[in-house]
Amino acid sequence: MAREFQRGHKAKISDLTPGTDLYVGVQIAAPGLTFDISCFGLDAHEQLSDDRYFIFFNQPKSPEESIQLLGAQSGDTESFRVTLDRIPAAIQKLSFTATLDGSGQMSQIGPGYIRIVAGGEEVVRYAFTGSEFTTERAVMLGDFYLKDVWRFAAVGQGFDGGLDALLKNFGGEVAEEEEAPPAAAPAATPGFAPPAQAAAPPAFGAPPAAQAPQPAPSFGAPPAPTPSPAPQQPMHAAPTIAAPLAPQTPQAPQAPSPYGQPQQPQFGQVPGQGAPPAPPFGQQAPAPYGQPVPAPYGQQPPMGMPPGVPQGMPQGVPQGVPATGAGLQAALQPYKETATGQRWTPQNQQLMRVDLTMGGSGVLARQGSMVMYQGKVDFGYKSAGFVGRAVGNATGQEMQLMRCTGRGQVFLAEEGSHLHPIELQGDAICVSAESVLAFDESLQYEVRRVEGHGIPGGALFTMQFQGTGTVIVKTHGTPVVLPVTPTTFADCNAVVAWSAASQVIVSTQVRLRRNAYPGHSGETVNLQFRGAPGNFIVVQPYEV
């Protein structure tokens, strides 16, 4: 399982992976900007005392090849190979940096990261965004440093000046050709190939495009990472809210669904990867390097049959041990924890993961909804107060909540209900208290009355959530999202949520003429929704 670091986090490499032959990937980008991503090999005084350990586009490897520049691959803007047990004793620190080539500022960058991959398995990731910087033109992303043993630190420190200033900061000298590298014909980034004096190629990397594909080696370039979800638009800004929430055929990553739910990968499937055709009974389907064959969403494989066999090294297997095609690791591979670097991450349709180390505020969740947690997490009773209890009892919108705080990850579920994260960005949504599983403590919530003369059973009220944060809504089955039109009606027992800007009134089909006869349709009371284009309702295939 990949660990997600925040700025300043440190760990021993041996605590992350037993391997010492590591892949380091960096992703950083911004429209119209180009970046130079480099590695500085520093001595005990954090100085570049040997220029041969400044690894960049013009010098892609160190003398003994313990540090190598590999180029863009696997979704990374730049990547390196670092063999820790081959680094000379004089090199005590490796600093990975990114600098702007040309005009611009680091505040303009989009979401990025630096990650470490061992044996094809990502073990740690430090994610950052441009909002963490201002006018800086360089950033020191992460360090490998030797302190009795090799360790890794997430730095994320901005630095004024470009590559030249960074080089001078580390005690290096700026050569004439480094001050203005020619843009028209840069040195070609070498593919991973053995050096001239080597007897055999290192076990890493895909072959050049001109060669025939080779079997996946043990060191392994990582599979393409999960793409960062596109910023979700506010729910009321969408011109049409009519995207179905039913499971769909796996496709390339799509934009989030209109009411704020992020696109979920199929259960056990790598995001963005299509599902291969089903293999004959008793046979394993071929899988891309380092990835398992996905099973259909929500279905279990036949007993005794693993749903997929990863072609790379399984997680937790020491380096050099060949991967096998069966066994416990292969059977459990599709059900590993999913970590996307976001605060809220669906693990499947019925299980939600919240990372309390992100966001800065606690989480309020329905009492008893925690199924597992990791890290140092405190659970406390959330009192609604005397007035809150009185209002909740009178309106039927009482929520028994617990407060989750600390540093760790909490997994939430309730009775197998389908869970849907809805991100609010200053807007509001109305949800029945019964349909709320959890939400960010930063959100404001209150009981809101539904206009009308009455609904049988006393369902006259709902909860309104407003602010910036995420609320987790639970449904029975897969819901449908419908746009609000002048003739939109819904059963009050099946409605889950609606946009707060919608006007809701009680509609009745009871007529005196009909009452003169015995029996009725059972659909005498409904809710009518009205509103401007962009408003929506969410209905579940179930009546409470």
Side-chain angles (χ1 to χ4, degrees), residues 229 231-238 241 243 245 256-264 340 342-347 349-356 358-370 382 384 388 392 395-405 409-415 417-448 450 461-476 478-481 495-502 504 535-540 544:
Q232 299 176 0
Q233 60 179 3
M235 59 188 66
H236 300 131
I241 310 294
L245 297 180
S257 56
Y259 79 101
Q261 179 181 0
Q263 187 74 19
Q264 299 184 11
T340 62
Q342 305 297 318
R343 179 171 169 86
W344 296 90
T345 305
Q347 302 299 295
Q349 282 186 321
Q350 293 88 22
L351 185 64
M352 185 66 60
R353 171 186 183 268
V354 56
D355 192 342
L356 298 177
M358 306 179 65
S361 62
V363 167
L364 297 179
R366 187 177 294 272
Q367 291 182 10
S369 61
M370 185 276 293
K382 169 62 176 175
T395 62
Q397 297 298 311
E398 182 178 12
M399 293 188 293
Q400 300 291 334
L401 300 174
M402 62 180 179
R403 177 184 283 110
C404 309
T405 56
Q409 297 79 38
V410 180
F411 294 78
L412 304 171
E414 186 173 77
E415 298 180 349
S417 298
H418 289 205
L419 305 181
H420 312 275
I422 302 178
E423 183 179 351
L424 302 180
Q425 299 177 351
D427 42 6
I429 189 172
C430 294
V431 187
S432 171
E434 180 62 27
S435 299
V436 176
L437 178 71
F439 54 93
D440 286 320
E441 194 173 14
S442 57
L443 291 176
Q444 301 174 0
Y445 60 98
E446 62 181 357
V447 177
R448 177 178 175 183
V450 177
F461 301 89
T462 186
M463 297 297 299
Q464 176 174 303
F465 291 84
Q466 187 171 10
T468 300
T470 299
V471 56
I472 307 301
V473 175
K474 58 189 183 77
T475 65
H476 294 272
T478 303
V480 63
V481 181
V495 174
V496 176
W498 62 85
S499 51
S502 301
V504 187
N535 288 283
F536 65 89
I537 62 172
V538 183
V539 181
Q540 63 186 355
V544 179

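Keep in mind that what you see is a predicted model, and the values were worked out from it rather than measured. These numbers come from the heavy atoms of this one structure, side chains and all, not from hydrogens, waters or symmetry mates. Just so you know, residue 1 is the first one in the sequence shown, and it goes up from there.
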Would you call [X] and [Y] a side-chain contact if the rule is heavy atoms closer than 4.5 Å?
| X | Y | value |
| --- | --- | --- |
| Val473 | Leu419 | no |
| Leu351 | Leu412 | no |
| Met399 | Phe439 | yes |
| Val436 | Tyr445 | no |
| Leu443 | Gln466 | no |
| Asp440 | Val471 | no |
| Met402 | Ser369 | yes |
| Leu356 | Cys404 | yes |

Contact summary for [X] and [Y], nearest pair of heavy atoms:
| X | Y | value |
| --- | --- | --- |
| Pro421 | Thr470 | CB-CG2, 4.0 Å |
| Asp355 | Gln342 | CB-O, 4.2 Å |
| Cys430 | Gln464 | SG-OE1, 4.0 Å |
| Ser499 | Asn535 | OG-OD1, 2.9 Å |

Query - Under the side-chain contact (heavy atoms from CB on, under 4.5 Å) test, residues paired with Ser361 that sit two or more places apart - result: Arg343, Ser442
Report summary line: For residues 464-473, the salt bridge (charged side-chain N to carboxylate O under 4.0 Å, His left out) pairs (sequence neighbours left out) are none
Do any N or O atoms from the side chain of [X] and from the backbone of [Y] form a donor-acceptor pair under 3.5 angstrom?
| X | Y | result |
| --- | --- | --- |
| Arg448 | Ala500 | yes |
| Lys474 | Glu434 | yes |
| Arg353 | Trp344 | no |
| Gln367 | Leu401 | yes |
| Gln347 | Thr345 | yes |
| Gln540 | His476 | yes |

Measure the spacing between [atom1] of [X] and [atom2] of [Y] and express it to the nearest 0.5 Å.
| X | Y | atom1 | atom2 | answer |
| --- | --- | --- | --- | --- |
| Glu415 | Leu437 | CD | CG | 11.0 Å |
| Asp427 | Gln425 | CG | CD | 7.0 Å |
| Glu441 | Leu364 | CD | CG | 4.5 Å |
| Arg366 | Lys382 | CZ | NZ | 15.5 Å |

Requested in this report: Mind running side-chain contact (heavy atoms from CB on, under 4.5 Å) on Leu424 and Phe465 for me, showing each step along the way?
Outcome: CA-CA 9 Å; Leu424 302 180; Phe465 291 84; 4.1 Å; yes
Query raised in the report: Sequence neighbours excluded, which residues qualify as side chain to side chain donor-acceptor pair (under 3.5 Å) partners of Glu446?
Result: none
Query raised in the report: Heavy-atom count around Gln444 CD within 6.0 Å, excluding the residue itself: above 12?
Result: no
Report task. Begin with the C-alpha distance, continue with both residues' side-chain angles, and end with the deciding distance and a verdict on side-chain contact (heavy atoms from CB on, under 4.5 Å) for Val538 and Trp498. Result -> CA-CA 6 Å; Val538 183; Trp498 62 85; over 6 Å; no
